[in-house]
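Worksheet: the structure to be examined is printed underneath.
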Amino acid sequence: MFKLGFFSILTLTVAMAITTPGCGAIDRAYDCNQICNKYEDCVNANYDVDACEARCKQNAADSEAYEDKADDCQACIDDRSCAGAVFGCGSECVGIVP
């Protein structure tokens with residue numbers, strides 16, 4: 001009985017360790033995608049979205065403060081028009097996109 005309990009706990013711990021970082025990576029990718037595409041749509045049609053996303057994801061992976069800022073920016077621009085996003089989310093998004 002002890003071995004089954006031990007292996008169950010071990011399996012659960014490993015599963016959580018594997019999936020938890022993945023969730024953060026998915027959230028970062030979603031946030032960065034939304035932010036960079038909104039900037040392209042609303043501010044600069046020639047903006048390099050791929051480079052923006054790569055930079056954003058790397059910075060968010062390296063810094064929890066940056067990741068939180070990207071999350072706040074994405075939450076602010078979500079479902080806003082271009083004017084609403086540009087004028088209403090400047091402080092949330094400064095440093096994420098130019």
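- Residues forming a side-chain contact (heavy atoms from CB on, under 4.5 Å) with Asn37 (at least two apart in sequence, or on another chain): Asn33, Glu40, Val49, Glu53.
- Among residues two or more places apart in sequence or in another chain, the side chain to side chain donor-acceptor pair (under 3.5 Å) test is passed with Asp50 by none.
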Which donor-acceptor pairs under 3.5 Å do the side chains of residues 78-98 make with protein atoms, sequence neighbours left out?
residue: Arg80; atom: NE; partner: Cys76; partner atom: O; Å: 2.8
residue: Arg80; atom: NH1; partner: Gly84; partner atom: O; Å: 3.1
residue: Ser81; atom: OG; partner: Gly84; partner atom: N; Å: 3.1

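- Remark: Cys36 SG to Arg55 CZ distance equals 7.0 Å, nearest 0.5 Å.
- Cysteines Cys32 and Cys56 are disulfide-linked, with SG atoms closer than 2.5 angstrom.
- Atom OH of residue Tyr66 and atom CG of residue Asp71 lie 12.5 Å apart, to the nearest 0.5 angstrom.
- In this structure, Glu67 CD and Asp72 CG are separated by 11.0 Å, a value rounded to the nearest 0.5 Å.
- At a threshold of 4.5 Å between side-chain heavy atoms, the hydrophobic network of Ile, Leu, Val, Met, Phe, Trp and Tyr places Val43 and Ile35 in one connected group.
- In terms of the ring pair (Phe, Tyr, Trp, His ring centres under 6.0 Å) criterion, residue partners of Tyr47 (sequence neighbours excluded) are, by chain and number, Tyr39.
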